[in-house]
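Working notes, beginning with the structure itself.
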Amino acid sequence: MARNQRKYNTEYKVQAVKLSNEIGSSKAAVELGIPVDTLYGWVKAAKEGRLDIGGGAHTPQTAMSLAEELNTLRKQVKQQEKEIRRLKEENEFLAEASAFSPPAVGSQQRAANEIHRPKNRRRQEERKNCILL
């Protein structure tokens, strides 16, 4: 069973969203004769930037909240840039420090262990011999 869906042009949506901002979504939906959920979807699209409602569409409350959000985001960007600089300096330091470290530490340890193994075996054999005597 197919539903008859009305199609609204962009200008109608923009005007409906502006009216919704002024008098409220439920009152605007009743006045325009459209479903409230449809109007809520358009308002959400306008907030997300998918529906361009043009300049001057913000109320003083939303304009202040946007200014506060902008200031907060600018502070976050400054903090992240500072953190990036610090991490880059640490990476440069570690790269320079790695030039002074031996290339294969594990292989040198194995060679040293192999040298000491025969001594350990000799000591073990000597201990066995001493106990047997």
Side-chain angles (χ1 to χ4, degrees):
M1 189 170 173
R3 290 182 4 191
N4 291 334
Q5 290 186 343
R6 291 179 54 189
K7 297 211 179 212
Y8 304 96
N9 63 9
T10 306
E11 184 61 31
Y12 185 81
K13 293 177 184 180
V14 168
Q15 293 303 321
V17 170
K18 287 182 180 180
L19 182 63
S20 170
N21 288 338
E22 291 174 11
I23 65 171
S25 296
S26 58
K27 288 182 182 178
V30 170
E31 189 173 313
L32 296 171
I34 60 174
V36 177
D37 293 337
T38 301
L39 186 56
Y40 283 141
W42 296 344
V43 171
K44 183 178 178 183
K47 285 181 182 178
E48 292 174 352
R50 293 182 285 128
L51 179 63
D52 184 22
I53 57 174
H58 295 287
T59 63
Q61 294 84 11
T62 59
M64 280 304 283
S65 66
L66 290 174
E68 292 171 359
E69 184 178 359
L70 181 63
N71 287 334
T72 304
L73 291 173
R74 284 182 178 160
K75 288 178 185 177
Q76 287 178 353
V77 167
K78 285 182 183 180
Q79 290 173 350
Q80 290 174 349
E81 288 174 347
K82 186 177 178 180
E83 180 72 10
I84 289 170
R85 278 194 304 270
R86 185 184 67 80
L87 291 172
K88 283 183 179 179
E89 289 174 2
E90 285 183 14
N91 283 341
E92 289 174 7
F93 174 78
L94 292 173
E96 291 173 3
S98 67
F100 297 107
S101 66
V105 175
S107 62
Q108 291 176 354
Q109 285 179 343
R110 272 187 258 134
N113 289 342
E114 290 173 3
I115 293 171
H116 295 292
R117 281 185 189 161
K119 290 181 183 178
N120 289 338
R121 286 183 187 160
R122 286 184 203 145
R123 287 182 187 164
Q124 287 176 356
E125 289 175 7
E126 289 174 3
R127 287 181 190 160
K128 286 181 185 177
N129 290 337
C130 291
I131 294 173
L132 294 175
L133 293 177

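Considering CD of Q15 and NZ of K13, their distance stands at 14.0 Å, rounded to 0.5 Å. Here K75 contributes atom NZ and N71 contributes atom CG; the two are 6.5 Å apart, rounded to the nearest 0.5 Å.
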Output side-chain donor-acceptor pairs under 3.5 Å for residues 82-100, partner residues at least two apart or in another chain, one line each.
from: E83; atom 1: OE1; to: R86; atom 2: NE; distance (Å): 3.4
from: E83; atom 1: OE2; to: R86; atom 2: NH2; distance (Å): 2.6
from: R86; atom 1: NH1; to: E90; atom 2: OE2; distance (Å): 2.3
from: S98; atom 1: OG; to: L94; atom 2: O; distance (Å): 3.4
from: S98; atom 1: OG; to: A95; atom 2: O; distance (Å): 2.8

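By the side chain to side chain donor-acceptor pair (under 3.5 Å) test, Q76 is found to be paired with no residue, residues two or more places apart in sequence or in another chain being considered. With sequence neighbours left out, Y12 forms a ring pair (Phe, Tyr, Trp, His ring centres under 6.0 Å) with Y8. In this view, T10 and V14, L51 satisfy the side-chain contact (heavy atoms from CB on, under 4.5 Å) rule, not counting sequence neighbours.
Distance alone, capped at 3.5 Å, is enough to place a donor-acceptor pair between the T72 side chain and the E68 backbone.
Taking every heavy atom of both residues into account, L39 and S20 meet most closely at CD2-CB, 3.9 Å.
Residues I23 and I34 are members of one and the same hydrophobic cluster, defined by side-chain heavy-atom contacts under 4.5 angstrom among Ile, Leu, Val, Met, Phe, Trp and Tyr.
Among pairs with a residue in residues 33-47, none fulfils side-chain hydrogen bond (donor to acceptor under 3.5 Å, both in side chains), at least two apart in sequence or across chains. Identified under the ring pair (Phe, Tyr, Trp, His ring centres under 6.0 Å) test for residues 65-91, with sequence neighbours left out: none.
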